[in-house]
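The block underneath contains the structure these notes are about, expressed in structure tokens.
This structure is a prediction, so every number in the text was calculated from the model and none was measured. For this chain, numbers begin at 1 and follow the sequence in order. Note: hydrogens, waters and symmetry copies are ignored here, and every other heavy atom, side chains too, is used.
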Amino acid sequence: MPNSPWIADPSGTTATTFHAFDATDRRFFVRARIDTYTDHLTFRIATRIPSTGEKSAVAPDELFDAMMTHFGRQVGGYPAAIRGIWDRSDPDFATNLDRFNAALAAGDDEPTAAMKTFTGRMAARYNYTTVVFGVTDPPTGPPYSKANVYFKTPA
């Protein structure tokens, strides 16, 4: 993309993977892959370091859109599901989990709370609005320290 602040990494980009980074600071990136067995997309976008307050020149939604455009072109359509793997073990990547737990604490049910996260908002832009939960920790309910959430298109 000409004049874009992000650059696709050809060494990590194939039909089923996508790697791109901030052209001014490689600490900020997107890494994504489609599991060819399940047709689920998993990804990690880093555009902010909460512990230091540093931010990327690239907006996270721009990287998400680039990732989806790549997969839409490469595999002949979007994947069956977007999988969110939210885990407290890495605080710099706990933003989705924090927002999910905050929405639950405010009274939202789990699907509504999941849609209020970055992953949920971006998934909705591509019509992935059905929420299915996988493993959660603890399994008995919020607040969660880990949650696997699948965003799917309506049946």
Side-chain angles (χ1 to χ4, degrees), residues 1-50 54-101 103 108-137 144 146-155:
M1 180 177 280
N3 300 319
S4 176
W6 63 269
I7 297 172
D9 178 2
S11 68
T13 299
T14 67
T16 58
T17 62
F18 180 72
H19 295 184
F21 55 87
D22 179 328
T24 62
D25 189 336
R26 285 180 171 245
R27 293 178 302 160
F28 303 114
F29 60 86
V30 59
R31 290 189 188 110
R33 73 176 178 84
I34 293 179
D35 180 312
T36 55
Y37 179 73
T38 62
D39 196 26
H40 292 167
L41 168 66
T42 57
F43 68 95
R44 180 174 267 197
I45 292 178
T47 58
R48 184 172 65 91
I49 302 172
E54 294 171 271
K55 290 185 177 183
S56 171
V58 183
D61 57 333
E62 186 176 342
L63 288 173
F64 191 94
D65 290 341
M67 170 186 74
M68 293 300 285
T69 297
H70 169 76
F71 289 125
R73 289 179 182 156
Q74 294 299 313
V75 296
Y78 297 127
I82 296 172
R83 181 179 179 197
I85 304 171
W86 305 335
D87 193 332
R88 165 77 29 230
S89 66
D90 187 346
D92 282 336
F93 286 99
T95 306
N96 279 306
L97 186 63
D98 292 343
R99 288 191 180 155
F100 178 59
N101 280 326
D108 287 335
D109 62 17
E110 289 178 338
T112 301
M115 294 305 295
K116 290 183 176 179
T117 66
F118 171 78
T119 302
R121 289 190 323 273
M122 294 298 103
R125 284 169 53 165
Y126 291 86
N127 199 35
Y128 291 87
T129 55
T130 300
V131 179
V132 178
F133 287 86
V135 175
T136 58
D137 185 30
Y144 293 107
K146 178 184 251 182
N148 287 346
V149 183
Y150 299 85
F151 297 90
K152 298 181 175 189
T153 56

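- Side chains of Y126 and P79 form no contact here, defined as non-hydrogen atoms less than 4.5 Å apart.
- Proximity of I34 to F71: side-chain heavy atoms (C-beta onward) are separated by under 4.5 Å at one or more points.
- Here T13 contributes atom OG1 and H19 contributes atom NE2; the two are 6.5 Å apart, rounded to the nearest 0.5 Å.
- We find that R125 and D65 are joined by a salt bridge, their nearest charged nitrogen and carboxylate oxygen being less than 4.0 Å apart.
- Minimum heavy-atom separation, D9 to F21: CB-CE2, 4.0 Å.
- A pairwise comparison of heavy atoms in M68 and Y78 identifies O-CE2, 3.1 Å as the closest pair.
- Contact detail for A32 and M67: the closest heavy-atom pair is CB-SD, 3.4 Å.
- The ring pair (Phe, Tyr, Trp, His ring centres under 6.0 Å) test applied to F151 returns no partner, not counting sequence neighbours.
- Looking only at side-chain heavy atoms (C-beta outward), F29 and L63 stay at 4.5 Å or farther from each other.
- No side-chain donor-acceptor contact under 3.5 Å links N96 to the backbone of G84.
- Counting only heavy atoms from C-beta outward, the side chains of D22 and W6 never approach each other to under 4.5 Å.
- P91 and P50 make their closest contact through O-CG, 4.5 Å (heavy atoms, listed as atom of the first residue, atom of the second, distance).
- Between the side chain of T153 and the main chain of N127, no donor-acceptor pair closer than 3.5 Å is present.
- Between F64 and F118, the ring planes are perpendicular. Angles over 60° get that label, and only those under 30° would be called parallel.
- Summarising the geometry, atom NE2 belonging to H70 is positioned 6.0 Å from atom OG1 belonging to T17; distances are rounded to the nearest 0.5 Å.
- Side-chain contact check for V131 versus M115: some heavy-atom pair is nearer than 4.5 Å.
- In this structure, CG in L97 is found 12.5 Å from CD1 in I85, a value given to the nearest 0.5 Å.
- In this structure, S56 and D25 have side chains that are not in contact, with every pair of non-hydrogen atoms separated by 4.5 Å or more.
- Minimum heavy-atom separation, A147 to F100: CB-CE2, 4.3 Å.
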For this session: For side-chain contact (heavy atoms from CB on, under 4.5 Å), just list the numbers for R33 and T16, CA-CA rounded to whole Å, side-chain angles, deciding distance to a tenth of an Å, and then say yes or no.
Result: CA-CA 6 Å; R33 73 176 178 84; T16 58; 5.9 Å; no
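- Checked against salt bridge (Lys or Arg N to Asp or Glu O under 4.0 Å), R121 has no partners two or more places apart in sequence or in another chain.
- Side-chain contact between T95 and R48 is present, with heavy atoms from C-beta onward closer than 4.5 Å.
- Minimum heavy-atom separation, A15 to Q74: O-CB, 3.6 Å.
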Please set out all donor-acceptor pairs under 3.5 angstrom arising from side-chain atoms of residues 40-47, sequence neighbours excluded.
none

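- Separation of atoms CZ (F93) and CZ (R88) is listed at 13.5 Å; rounding is to 0.5 Å.
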